[in-house]
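Worksheet: the structure to be examined is printed underneath.
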2 protein chains.
Amino acid sequence: MFDPLGYAPAYLRVSELIRGRILRRELTEGAALPTETELARQFEVNRSTVREALRKLESSGLVGRRRGGKRLYVTRPTREAVGGGLSQALALHRTRVVDVWEALQSVQPGIAAAAALRRSDAALARLERVARRFAGRHADRAQAVADVAEFFDALGEASGNPVFVLLNEPLLGLLKPSLAIIIDRVPQARSRIEAAQAEVVAAVRARDAATASEWMARHVRDFRRGYEVAGIALSTEVGETPDAALS
Amino acid sequence: MFDPLGYAPAYLRVSELIRGRILRRELTEGAALPTETELARQFEVNRSTVREALRKLESSGLVGRRRGGKRLYVTRPTREAVGGGLSQALALHRTRVVDVWEALQSVQPGIAAAAALRRSDAALARLERVARRFAGRHADRAQAVADVAEFFDALGEASGNPVFVLLNEPLLGLLKPSLAIIIDRVPQARSRIEAAQAEVVAAVRARDAATASEWMARHVRDFRRGYEVAGIALSTEVGETPDAALS
DNA sequence: GGAATCATATTGTCCGACAATCAGACAGGC
DNA sequence: GCCTGTCTGATTGTCGGACAATATGATTCC
């Protein structure tokens, strides 16, 4: 009958108030936040309370520190921050590699099509560079995985759609570990990836959305074959490698 | 030449340590965290430091409080928590409605196909219920929008793929405001949505992936028509309505 | 068994303090 | 002129202690 009358601790209200200012663009990216003492004075709360609020904003990626800096600045959540949150959530939701694969299969052709339609020359250049790099050096396993991921990323950028860019990050992050195994165990993996990338790049250059989409679908479908050949169970759960992230 | 020698403040290390335990499932969902004082004792830091660490975990949705409760429990990030982070990030990345629409168009057909292939009877029942509800009451604008969103959500659930469920949330959240305008201004919007939902439901019931996918694509494509008819510029930026979230 | 009562533990918030270090000014040497 | 070293002040990270409000759990009573 009655909703509980909402009570919010001060650190939450402070955090929400600052968050609102940032989202409303009253605090624009790159602007320095007032110092903790100053914030405490303005909100009329203790500095400890302000600090708790700031920690919240910090971990949503809305504010951050410049390298080695002390003060906090307003920032946009980076790809990594957003992706980290999502992939962490997926890991806890018992997501399996096949789920990630299915999502990739569903979204990548659309990205490729959009990239083909709207790519800039610079974006095309990056795409070509990445593909060339992957094809060029057949040495390191970790590097190869990173190159493949960067190809996806470059394609997302080429699409000019920030949604695609942000979606790519967590999916690739979850894909990487199993991709590494595939590259290790499936001899023909590298050449097939290389071929698919070449076709996609060509289609994107020619602004041929249909072909780009088609080859990208094929590219992703290949991963599934890769799982099977490499002997990775499709029901394997993706697990966030709990990075220490600190020294 | 030299990498910066990483220094991490104590609150960060504490937060990462706890986060690691959760991700490694050593702290399982629903378990109560030790009290702040106890954590401070174990980590040998001050309680203030522990609290800052907890605020970080809190905002990534890894720990939470039970309604009106005092202690913290380990939780999985809810759909809303994840979606909120993503849509907040998208809003700050100057995402336009057309970007969101394009992403939906790329991902929804895949979801519909997966749902058709794997839907359980319970999931089908929910899908039918939601569609019927939308068709049944033609009254409230806000309710209609919520119903449409829930249809997407139900389809995601039916796919049995947590990735889809988690991706849907933020995209729908960003879509809603403009969808409300469409429903207000475009007279035939409701009947077209209703028709598309009916076809999708039928295809999902029949486990016909191709048809489900096709109608879902059509459904989403209709939104774009809706934007044009309603006079919404495709380049409109999606803006997070900065919810107060507190009273 | 269920309801009211009470003691205890825990959180939210405050205050004050101090060391480390970052930022900027300033001077000196090549 | 530019780099280096030095100094000063401001700011953050961390600590210890304190107290009110209230959730938690045990206890008693019907």
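Residue numbers start from 1 in every chain, and the chains themselves are labelled A, B, ... in the order their sequence lines are given, proteins ahead of strands. Everything quoted here is computed from the prediction, not taken from an experiment.
- By the 4.0 Å N-to-carboxylate-O rule, B:Arg126 lies too far from B:Asp121 to be salt-bridged with it.
- At whole-Å resolution of the value, CZ in A:Arg66 and P in D:dT12 are 14 Å apart.
- Rounded to 10°, the angle separating the first-five-pair axis and the last-five-pair axis of the helix from C:dG1-D:dC30 to C:dC30-D:dG1 equals 30°.
- Taking atom CD of residue B:Glu52 and atom P of nucleotide D:dT14, one finds them 7 Å apart after rounding to whole Å.
- B:Arg65 comes within contact range of the sugar-phosphate backbone alone, with a heavy-atom separation under 4.0 Å but no base atom that close.
- Annotation: salt bridge (Lys or Arg N to Asp or Glu O under 4.0 Å) contacts involving residues 30-40 of chain A, sequence neighbours excluded, comprise A:Glu36-A:Arg47, A:Glu36-A:Arg51, A:Glu38-A:Arg41.
- Looking at B:Arg133 and B:Glu128, no side-chain N of the basic residue comes within less than 4.0 Å of a carboxylate O on the acidic one, giving no salt bridge.
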Report each atom pair, protein N/O against N/O of nucleotides 23-26 of chain D, whose distance is under 3.5 angstrom.
none

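- The stretch residues 80-95 of chain A participates, sequence neighbours left out, in these salt bridge (Lys or Arg N to Asp or Glu O under 4.0 Å) pairs: A:Arg94-A:Glu237.
- Residues satisfying the ring pair (Phe, Tyr, Trp, His ring centres under 6.0 Å) test with A:Phe151, not counting sequence neighbours, are none.
- For A:Tyr11, there are no ring pair (Phe, Tyr, Trp, His ring centres under 6.0 Å) partners, not counting sequence neighbours.
- Atom pair B:Tyr11:OH and D:dT12:P shows a separation of 11 Å (rounding to whole Å applied).
- Residue pairs that meet the ring pair (Phe, Tyr, Trp, His ring centres under 6.0 Å) test with at least one member in residues 29-71 of chain A, sequence neighbours left out, do not exist here.
- With sequence neighbours excluded, the residues forming a side chain to side chain donor-acceptor pair (under 3.5 Å) with B:Ser48 are B:Asn46, listed by chain and number.
- Listed by first and then second residue, the salt bridge (Lys or Arg N to Asp or Glu O under 4.0 Å) pairs that reach into residues 59-68 of chain A are A:Glu58-A:Arg65, sequence neighbours excluded.
- Near DNA chain C, defined here as any heavy-atom distance below 4.0 Å, the residues from residues 35-51 of chain B are B:Thr35, B:Glu36, B:Arg47, B:Arg51, listed numerically.
- Atom C1' of nucleotide D:dG13 and atom CD of A:Glu58 are separated by 12 Å, given to the nearest angstrom.
- Take B:Glu169 and apply the side chain to side chain donor-acceptor pair (under 3.5 Å) test, not counting sequence neighbours, and it matches no residue.
- The ring pair (Phe, Tyr, Trp, His ring centres under 6.0 Å) test applied to A:Phe152 returns A:His219, not counting sequence neighbours.
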